[in-house]
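Here's the structure we're looking at; comments come further down.
Given the structure is predicted, the values throughout are model-derived calculations rather than measurements.
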Amino acid sequence: MTTSEDMSAHLTGEQFEQLKENMTKVEELSKRLVEIMAGKKPHTPALDAPNQELFAKAATAYWAEAWQNPAKLLEQQLEFWGKSVMNFAEAQQALMTGGVEDDDAAPKDRRFSHPMWENNPYFRFIRQQYQTNAAALAQAVASVDDLPDKDLKRLKYFSQQIIDMMAPTNFLATNPDALERAVETEGRSLLKGLENLITDLEANNGELVVKLADEKAFQVGGNIATTPGDVVYRNRMMELIQYKPVTDTVHEIPIVLFPPWINKFYILDLKAQNSFIKWVTEQGFTIFVVSWINPDASYADVGMEDYIQDGFLAAIDEVKKICKVKQVNAVGYCIAGTTLSLTLSLMKQTGDKSVKSATFFTALTDFSDQGEFTPFLQDDFIDGIEEEVTREGVLRSWIMARTFSYLRSNDLIYKPAIQSYMLGETPPAFDLLYWNGDGANLPARMAVQYLRGLCQRNEFAGDGFELMGHTLHVRDVDVPLMAITCETDHIAAWKDCYRGVQKMGSRSKTFVVSESGHIAGIVNPPSKKKYGHYTNPDLKGDAATWLAEADFNEGSWWPMWAAWLKPRAGKQIPARDTGDSEHPRLCPAPGTYVVAKASS
């Protein structure tokens, strides 16, 4: 029997020292792993697993169908068994002969791009059997008919999560890329991967939140969010940033931009070449941007009404004072677009005409079709959210981030995890992914109001959303408006946005569908000449009709929007400096609120 002393005797001095160093690192990392897992916070059960009742109902429906139509079940079972036997026989033959035939019929999947998934009999069999299993599970789910539509959507979602999670690429022993890297680096990649894993766990109190970008590569206000400006107003909800002019004259009526408070505003000011904020100043507009507070537990009782009163209305009022105007042009992005609509309804009912026009970026106002979010908008899940926010005072940012990530789990969870933990790679220096990981918390009261009243019950587009002593309705939005939506947006589907815009009361509506998704379709500078956009002035038909009859326009929608806004932005006046005597410059942009990190 070979002892450790025998093994060490065959190592060179350098190899022996490297082995000792690696073992010391493993011991140190193991201690850190034990410590972080011992201090891990308890989970909220409804947030960690799908409702068991859902699977019970699905199983009942499946076996009821099998009882009524046994031939259908037998056919599915025989098909699965036949493919499995064929996969095994082919692998056995390949091992005996040393060769494999090209599998042209295999589904193309980026996860299986390594040549060994095709050329090596072992990995080829694993890949084929996984795909056979995945197809069988999807077929079984598709055959379940006796379920309500919402339950069926949830069943498909959760079953797909199981399929994605069980991919052989997610396990070291069945990932040829990771095994090959481990051999090439003499195990250092695995050691680095363990260190990456523990670092991520420590950063999130034991929750596994995969780091998507190299945080050391970026500094807010250093190499991103660098457009010159000043914070000219601050309250408990937001900082108001006024950006410096770059033209000699500007339009008299300023722009007030409200970004979502789920994320940080600097998605619109990442780098100079793709900064929407910088581009707006270059078009001769005065632009103010709201930077929201990143709330902690002391904000537990803050609701939608606080965001409207101390955010939207306060910002509009201060901008009017600074610029000495009676009206502003407002822009709302995502949830801030939804809340801008609520604000406009309130202003309509109170006779406030401070907003001359409104622009909505990927903003939902009609939630009658919950789309891909159906699994997360049922009572069991939101009951779990309520339990979580009651305990914590906020909906912690990582919960929202994880929810969004699981809608694209292969790209946003498993692929980054493989690269970081199995291959031992440092996350990429990618500004968009850095921003994506720089999330914000939501106040407890506001989160429940939004999920229950707007998302679940669709009150704003239905009988009305009760807030601040008023019953707010989407039909009250009657200012001239432009809505920018995105063709492949999985967060605010353009067809759902379209349905909400149709219900708005404005007699002047412009609707646009940009190519690409929730972020890339909005952050689409003209200089890149990358994504085009669709336009159609006729909003009477359904979404499919609108798109079928729409004109396609090459390039970014930004110039079209600027051309639409200029007639609504007043005359040219000398460019304004930031602030005034009653609004001193509190600090340079991007301000202080934006750098506050979310609690985990």
Side-chain angles (χ1 to χ4, degrees), residues 46 48-88 90 103-112 117 125-170 367-381 403-415 487-491 493-496 542-544:
D48 294 322
N51 193 331
Q52 294 180 354
E53 183 182 350
L54 171 66
F55 287 102
K57 287 193 290 186
T60 301
Y62 180 78
W63 288 113
E65 173 69 15
W67 181 262
Q68 295 174 13
N69 189 0
K72 179 179 178 181
L73 177 62
L74 180 60
E75 180 182 347
Q76 291 177 357
Q77 294 295 323
L78 288 174
E79 181 181 2
F80 171 72
W81 181 249
K83 287 184 178 178
S84 298
V85 171
M86 187 178 298
N87 291 340
F88 181 77
E90 184 180 306
D103 190 1
D104 295 331
K108 301 304 177 186
D109 190 323
R110 288 181 300 172
R111 292 174 295 179
F112 303 117
W117 288 116
F125 171 69
I126 290 172
R127 188 258 300 167
Q128 287 179 326
Q129 192 58 38
Y130 166 73
Q131 291 171 332
T132 299
N133 293 342
L137 180 55
Q139 185 182 48
V141 170
S143 68
V144 175
D145 298 323
D146 192 22
L147 275 181
D149 183 59
K150 287 185 178 180
D151 283 346
L152 188 57
K153 285 184 177 179
R154 299 183 81 197
L155 180 62
K156 289 180 178 178
Y157 169 81
F158 287 122
S159 62
Q160 187 60 49
Q161 293 306 312
I162 294 171
I163 290 171
D164 292 342
M165 180 177 64
M166 297 307 295
T169 46
N170 296 337
F367 295 85
S368 56
D369 185 348
Q370 297 171 349
E372 292 193 52
F373 283 92
T374 298
F376 308 109
L377 294 177
Q378 307 315 305
D379 281 335
D380 56 353
F381 190 85
T403 300
F404 289 135
S405 293
Y406 271 110
L407 293 174
R408 297 291 183 270
S409 57
N410 284 326
D411 291 331
L412 296 178
I413 295 178
Y414 300 123
K415 181 181 178 181
E487 188 176 17
T488 59
D489 193 335
H490 65 287
I491 295 173
W494 77 265
K495 293 180 180 179
D496 298 331
D542 61 17

Item to complete: Test side-chain contact (heavy atoms from CB on, under 4.5 Å) on Trp117 and Ile126 and set out the steps.
Response: CA-CA 8 Å; Trp117 288 116; Ile126 290 172; 4.2 Å; yes
Practice prompt. Taking the six-membered ring for Trp and the single ring otherwise, decide whether the centroids of Phe373 and Phe404 are under 6.0 Å apart.
Written response: yes
Would you name the heavy atoms of [X] and [Y] that are closest together and state the gap between them?
X	Y	answer
Ala167	Tyr130	CA-CE1, 3.5 Å
Ser159	Leu137	O-CD2, 3.9 Å
Asn410	Arg111	OD1-NH1, 3.6 Å

Worksheet item: Ser409 pairs by side-chain contact (heavy atoms from CB on, under 4.5 Å) with which of Met165, Gln161, Gln160, Lys415?
Response: Gln161
Discussion item. If you count heavy atoms of other groups shown closer than 6.0 angstrom to NZ of Lys156, is the number above 12?
Written reply: no
Calculate, to the nearest 0.5 Å, the distance between atoms [atom1] and [atom2] belonging to [X] and [Y] respectively.
X	Y	atom1	atom2	answer
Arg154	Asp149	CZ	CG	12.5 Å
Asn133	Met166	CG	CE	9.0 Å
Trp494	Asp496	CH2	CG	10.0 Å
Thr132	Phe125	OG1	CZ	9.0 Å

Item to complete: Could you tell me whether Arg408 and Glu372 make a salt bridge, using a distance below 4.0 angstrom between a side-chain N and a carboxylate O?
Response: yes
Worksheet item: Looking at Asp411 and Arg110, does any basic side-chain N land under 4.0 Å from a carboxylate oxygen?
Response: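 Yes, this pair counts.
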Item to complete: Check whether any side-chain N or O of Tyr157 sits under 3.5 Å from a backbone N or O of Phe376 as a donor-acceptor pair, and report yes or no.
Response: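 No.
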Discussion item. With side-chain contact (heavy atoms from CB on, under 4.5 Å) as the criterion, how do Tyr414 and Asp164 come out once you've worked through the C-alpha distance, each side chain's angles and the decisive distance to 0.1 Å?
Written reply: CA-CA 8 Å; Tyr414 300 123; Asp164 292 342; 3.9 Å; yes
Discussion item. Pair Asp369, Lys153 - check salt bridge (charged side-chain N to carboxylate O under 4.0 Å, His left out), show working.
Written reply: CA-CA 12 Å; Asp369 185 348; Lys153 285 184 177 179; 3.8 Å; yes
Discussion item. Apply side-chain contact (heavy atoms from CB on, under 4.5 Å) to residues Phe112 and Thr169 and explain how you reach the verdict.
Written reply: CA-CA 8 Å; Phe112 303 117; Thr169 46; 3.9 Å; yes
Worksheet item: Is there side-chain contact between Thr403 and Phe381, with heavy atoms separated by less than 4.5 Å?
Response: yes
